[in-house]
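Read through the structure below, which is laid out as structure tokens, and then see the notes.
Letters A, B, ... are given to chains in the order of the sequence lines, protein chains preceding strands, and every chain is numbered from 1. Given the structure is predicted, the values throughout are model-derived calculations rather than measurements.
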Number of protein chains: 2
Amino acid sequence: MIRDADATRQRLLDAALAEFAEHGIAGARVDRIAAQANSNKAQIYHYFGGKAQLFDAVYGSIVRRLVESTPIDVHDLPGYAAKLARMYDVHPEVMRLAVWHRLEPGEPEVNALAVEATGRKVDLIAQAQADGLLPKRFPPAVLLGLVLHLAATWTEANPEFPGELPDAEARYEYVAEAVRRLIDLP
Amino acid sequence: MIRDADATRQRLLDAALAEFAEHGIAGARVDRIAAQANSNKAQIYHYFGGKAQLFDAVYGSIVRRLVESTPIDVHDLPGYAAKLARMYDVHPEVMRLAVWHRLEPGEPEVNALAVEATGRKVDLIAQAQADGLLPKRFPPAVLLGLVLHLAATWTEANPEFPGELPDAEARYEYVAEAVRRLIDLP
DNA sequence: GTTTGTCAACTAACCGGTTGGAAGATAGTC
DNA sequence: GACTATCTTCCAACCGGTTAGTTGACAAAC
């Protein structure tokens with residue numbers, strides 16, 4: 001057998017992402033993660049310290065990927081929202097992980113990177129408003145909240161929702177259109 | 001001791017609502033529910049059959065309450081959204097329960113009452129569009145989805161969000177304003 | 001006396017976390 | 001290149017505590 005600590009660590013992270021996205025923290029099973037990663041339970045405690053810390057590691061890597069891959073574009077908020085909406089559709093585990101992280105008790109610790117990235121986005125919007133690129137109807141943080149939340153519309157859709165929704169690409173376009181109307185574009 | 005089956009049932013339902021909203025299905029503890037209800041674990045199995053069925057009972061009662069208490073008003077969608085937003089703030093357990101119901105695996109069963117209520121709302125919007133009361137830019141189901149989702153903006157806000165958000169009443173008004181702009185109102 | 005509601009105690013299974021040591025890699029020595 | 005001491009990576013088996021679900025007997029109501 002090949003021995004490679006980094007590879008094992010990564011396999012554990014990948015397996016943990018799938019398991020946590022599917023079952024949350026309380027519902028995730030450490031044994032399942034170890035088995036899925038073709039590894040052993042003891043490795044998890046060796047590499048990460050425990051179940052909760054493993055979740056933090058997974059969540060941190062997701063946040064980092066998200067922050068790096070989808071920078072905000074204050075000149076094209078509708079396009080930004082549509083891009084986010086597509087990303088949520090293609091990678092449903094991202095939103096699931098974020099929602100678990102928010103719901104599960106005993107995890108009030110906010111991710112520092114996420115806070116910093118959000119703060120920077122608010123500043124960019126405020127600057128764009130000062131420059132007259134965006135209307136001042138909504139305070140910067142409110143506008144960002146609305147845009148980010150609209151991008152997640154179809155991801156968060158309850159299963160009760162009727163099957164009459166249009167296909168994916170059309171849904172992204174409707175999100176973009178909604179954002180467009182928030183900021184007065186024609 | 002007074003013996004009252006209905007009262008015991010109700011106490012169990014109330015305790016279960018709090019427990020499930022806080023911890024979800026996997027994280028909820030049957031013993032805690034029984035203790036909180038000043039009852040006994042065996043009663044839960046006697047009255048509801050099991051943990052999962054108890055959750056279904058709780059979820060069903062919440063959906064019923066929600067459907068009955070907040071009927072849609074197609075003549076005032078902004079006001080409807082603001083009302084919903086306020087309700088989500090006052091009763092956070094409603095949204096938490098709904099989110100958990102969506103996330104937890106092995107629960108793909110949709111609530112029949114919720115589906116029916118949503119379908120009726122879509123029909124009302126379609127009629128209002130046909131009557132010229134609402135613009136036809138968005139298909140009925142899409143418009144409903146956007147409005148319902150916007151109403152939940154601040155409930156779903158990630159904890160990473162900066163503390164620069166305005167107070168509750170102002171937030172509801174921003175939700176109403178966003179909806180207003182979706183449907184062309186001044 | 002029968003039905004109905006209540007509960008403490010039980011159990012079988014499960015789960016997160018630990019341990020001790022086996023197996024592979026590494027580097028120094030001759 | 002062979003030998004070996006040492007370190008790193010890996011894992012099967014185990015442990016203590018917890019959990020959902022069961023049971024059987026007791027007590028109140030009618």
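In this structure, B/His46 atom NE2 and C/dT4 atom P are separated by 9 Å, rounded to whole Å. Regarding A/Glu19, its CD atom lies at a distance of 13 Å from the C1' atom of C/dG16, rounded to whole Å. The separation between A/Tyr47 atom OH and C/dG17 atom P is 18 Å, rounded to whole Å. In this structure, A/Phe48 atom CZ and C/dG16 atom P are separated by 16 Å, rounded to whole Å. In this structure, the CG atom of B/Asn38 is 8 Å from the P atom of C/dC7, given to the nearest Å. Atom pair B/Gln43:CD and D/dG24:C1' shows a separation of 14 Å (rounding to whole Å applied).
Within the 4.0 Å cut-off from OP1 or OP2 of D/dC10, at least one side-chain nitrogen or oxygen of A/Thr8 is found.
A donor-acceptor pair is defined here as one N or O able to donate and one able to accept, closer than 3.5 Å; such a pair exists between the side chain of A/Asn111 and the backbone of A/Leu113. Checking side-chain atoms of B/Arg96 against main-chain N and O of B/Ala21 turns up a donor-acceptor pair under 3.5 Å. At distances below 3.5 Å, not a single donor-acceptor pair connects side-chain atoms of B/Arg137 with backbone N or O atoms of B/Ile183.
Ionic pairing of B/Lys83 and B/Asp73 is not present here: no N-O contact between side-chain nitrogen and carboxylate oxygen is shorter than 4.0 angstrom.
Residues satisfying the ring-ring contact (aromatic ring centres under 6.0 Å, His included) criterion with B/Tyr45, sequence neighbours excluded, are absent altogether.
Of the residues B/Phe48, B/Phe20, B/Trp100, the one that meets the ring pair (Phe, Tyr, Trp, His ring centres under 6.0 Å) test with B/Phe55 is B/Phe20.
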Under 3.5 Å, which protein N or O atoms sit close to an N or O of nucleotides 19-22 of chain D? Give each pair with its distance.
{"from": "D/dT19", "atom 1": "OP1", "to": "B/Arg29", "atom 2": "NE", "distance (Å)": "2.9"}
{"from": "D/dA20", "atom 1": "OP1", "to": "B/Ala28", "atom 2": "O", "distance (Å)": "3.0"}
{"from": "D/dA20", "atom 1": "OP1", "to": "B/Arg29", "atom 2": "NH1", "distance (Å)": "3.2"}
{"from": "D/dA20", "atom 1": "OP1", "to": "B/Lys51", "atom 2": "NZ", "distance (Å)": "3.0"}
{"from": "D/dA20", "atom 1": "OP2", "to": "B/Val30", "atom 2": "N", "distance (Å)": "3.3"}
{"from": "D/dA20", "atom 1": "N7", "to": "B/Lys41", "atom 2": "NZ", "distance (Å)": "3.2"}
{"from": "D/dG21", "atom 1": "OP2", "to": "B/Tyr45", "atom 2": "OH", "distance (Å)": "2.9"}
{"from": "D/dG21", "atom 1": "OP2", "to": "B/Lys51", "atom 2": "N", "distance (Å)": "3.3"}
{"from": "D/dG21", "atom 1": "N7", "to": "B/Lys41", "atom 2": "NZ", "distance (Å)": "3.0"}
{"from": "D/dG21", "atom 1": "O6", "to": "B/Lys41", "atom 2": "NZ", "distance (Å)": "2.3"}

